[in-house]
Undergrad: 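First the structure, then my questions, so here it is.
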There are 2 protein chains.
Amino acid sequence: MTGGAVDQPPAFRAGLVPRRERADAARNRMQVLAAADRLFRERDPGTVTMEDVCRAAGVGRATLYRRYPDVQSIALALLDRHERDLQESLLRGEPPLGPGAPPVARLTAFYRAMVDLLERFGHLLRSVESGSARYGTGAYGFWFAHVRALLAEAGVAHPEQLADIALAPLSAELYHRQRTQLGLVPKEVADRLAWLAERLTG
Amino acid sequence: MTGGAVDQPPAFRAGLVPRRERADAARNRMQVLAAADRLFRERDPGTVTMEDVCRAAGVGRATLYRRYPDVQSIALALLDRHERDLQESLLRGEPPLGPGAPPVARLTAFYRAMVDLLERFGHLLRSVESGSARYGTGAYGFWFAHVRALLAEAGVAHPEQLADIALAPLSAELYHRQRTQLGLVPKEVADRLAWLAERLTG
DNA sequence: GCGTGAACCGGACGTCATGTCCACATAGTG
DNA sequence: CACTATGTGGACATGACGTCCGGTTCACGC
């Protein structure tokens, strides 16, 4: 299967459980997320509409809007677990992804992990970023803080301003172009980014 | 005024003149472009709609759709002359922007010129790029070819793949974030890109 | 100047997605 | 087993889209 945070009620994750999620609600939520994941994968993620998700999931409008205000938030829900996993690895995982390795190695490992994320969930990331909401998400803030810290540790001047530059090549839309239009394979993209990591922190 | 290719009929630029542009057509076209430029500047460029441009220009729907299929193409029309000017300077202008200077200097000059373009016409560029059409435009193809050639001249490996990476920090949306959210001034952005240019070509 | 044909214009129209609302259904509780 | 809050489906009003058509206005040739 595709994977996704399909099996965890949002209320649980949020921490405040008013009562308990009803069985029919859970069933519908899983249908919605599964249908949405399929749609994002099949079409251009920017063209998927709430209406489409309703129909594909066999669910009424109110059911959908109850939990998700727009398609981006659906993609975000599907993405959430995987992004958190990577964030956990960055904070407390083994080096070189986690703490303990020199900045160059950690930045390179981060790039490789992000390419992996882009490869597996590029369709979701493109949907989230469409509408120019890339820099508003909490995830971007996390990547930004991580890279800024690595650059600072490497002794580079203006790490705050360079972090944005270091993250720019990880745009989902750019990755999609490199894969489809330029015909690159993931390893090539990752190797180029590894080279960039050396240049930035050297 | 704001500037823009408001005073040149598209048929003239295209080369094939069927007869001559009618006076009322020219008047309406200028009204449309002026109104659109104002709208893109005032609001979030992604939210400007064809309907809005109609109302602001005091013009009917057919008048607008006759020439422009969507808002992106209006922004593109306003942008066209300025992008061509820069392209001309890159091809045949004085060094370091034009030919004759070493790659590092030319890449740095290109970055500075692009920051200037982003500063003056960021509202238009953001509109064009919204809808993830950034890599489809002819302009991106031009910048891509230019940077690839400079990287190749500098003797870097894989210039084709690195050109995308070198261009990624020039995203209009990213520039907007750096100016508004991070509070950077144009010179800071340009200096950081100049540093990047040295690292990439060094 | 002045007829004439083509280019151009305004606005109406059908379609589609959006987000809200309400009457009803149903799962979980006592 | 009845009761209530939660969840559900679909109708509705709104607004943008893109097209079409009847009427207007301009440029050209005389």
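Bear in mind the structure is a predicted one, so any value in this text is a computation, not a measurement. Letters A, B, ... are given to chains in the order of the sequence lines, protein chains preceding strands, and every chain is numbered from 1.
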Undergrad: Nearest whole angstrom, please: distance from the C1' of D/dG7 to the CD of A/Gln31.
TA: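 One finds 14 Å between C1' of D/dG7 and CD of A/Gln31, rounded.
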Undergrad: Rounding to a whole Å, what distance do you find between B/Asp24:CG and D/dA27:P?
TA: 7 Å
Undergrad: Could you check how far OH of B/Tyr68 sits from P of C/dC9, rounded to whole Å?
TA: 11 Å
Undergrad: Mind calculating the distance between CE (B/Met30) and P (C/dC9) to the nearest angstrom?
TA: 12 Å
Undergrad: Distance-only criterion, 3.5 Å: show the donor-acceptor pairs between side-chain atoms of residues 133-142 of chain A and protein atoms not counting sequence neighbours.
TA:
{"from": "A/Arg134", "atom 1": "NE", "to": "A/Glu129", "atom 2": "OE2", "distance (Å)": "3.4"}
{"from": "A/Arg134", "atom 1": "NH2", "to": "A/Leu167", "atom 2": "O", "distance (Å)": "3.4"}
{"from": "A/Thr137", "atom 1": "OG1", "to": "A/Arg134", "atom 2": "O", "distance (Å)": "3.3"}
{"from": "A/Thr137", "atom 1": "OG1", "to": "A/Tyr140", "atom 2": "N", "distance (Å)": "3.3"}
{"from": "A/Tyr140", "atom 1": "OH", "to": "A/Asp164", "atom 2": "OD1", "distance (Å)": "2.6"}

Undergrad: Got B/Leu76 and B/Tyr68 here, is their nearest side-chain heavy-atom distance under 4.5 Å?
TA: no
Undergrad: Before giving the answer on salt bridge (charged side-chain N to carboxylate O under 4.0 Å, His left out), spell out for B/Arg55 and B/Glu51 the whole-Å C-alpha distance, their side-chain angles and the decisive distance to 0.1 Å.
TA: CA-CA 6 Å; B/Arg55 274 195 290 268; B/Glu51 192 81 13; 3.6 Å; yes
Undergrad: Which whole-number value in Å describes the distance from B/Arg27 CZ to D/dT24 P?
TA: 16 Å
Undergrad: Any idea which of C/dG28, D/dA27, C/dC9 is nearest the A/Ala23 side chain?
TA: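 Closest of the options to the side chain of A/Ala23: C/dG28.
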Undergrad: Can you see which heavy atom on B/Thr108 is nearest to which on B/Ala197, and at what distance?
TA: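 Distance-wise, the nearest heavy atoms are OG1-CB, 3.6 Å.
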Undergrad: List for me each residue that meets side-chain hydrogen bond (donor to acceptor under 3.5 Å, both in side chains) alongside B/Glu42, sequence neighbours excluded, and say none if there are none.
TA: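 Once residues adjacent in sequence are excluded, B/Glu42 has no partner under the side-chain hydrogen bond (donor to acceptor under 3.5 Å, both in side chains) criterion.
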Undergrad: Specify the separation, in whole Å, of atom CG of B/Leu64 and atom C1' of C/dG11.
TA: 14 Å
Undergrad: How long is the line joining CZ of B/Arg66 and P of D/dC26, in whole Å?
TA: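 Rounded to the whole Å, the gap is 15 Å.
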Undergrad: What verdict does the salt bridge (charged side-chain N to carboxylate O under 4.0 Å, His left out) test give for A/Arg112 and A/Asp116, after you've listed the backbone C-alpha separation in whole Å, the side-chain angles of each residue and the deciding distance to 0.1 Å?
TA: CA-CA 6 Å; A/Arg112 292 201 187 281; A/Asp116 184 57; over 6 Å; no
Undergrad: Please identify which of these residues, B/Glu160, B/Gln161, B/Glu153, meets the side chain to side chain donor-acceptor pair (under 3.5 Å) condition with B/Arg148.
TA: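 Only match with B/Arg148 under side chain to side chain donor-acceptor pair (under 3.5 Å): B/Glu160.
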Undergrad: So, does B/Asn28 get its side chain near the phosphate of C/dC8, meaning an N or O under 4.0 Å from OP1 or OP2?
TA: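 False: B/Asn28 side-chain N/O out of range (4.0 Å or more) of C/dC8 OP1/OP2.
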Undergrad: Using a 4.0 Å heavy-atom cut-off, write out nucleotides 14-23 of chain D from 5' to 3' as B (base contacted by protein), S (sugar-phosphate only) or - (no contact).
TA: --SBBBB---
Undergrad: If you check the A/Arg22 side chain, which of D/dG9, D/dA5, C/dC9 turns out closest?
TA: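 Of all the options, the side chain of A/Arg22 is nearest to D/dA5.
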Undergrad: Identify which nucleotide among D/dC26, D/dT8, C/dC9 has an atom closest to any side-chain atom of B/Arg67, counting heavy atoms from C-beta outward.
TA: C/dC9
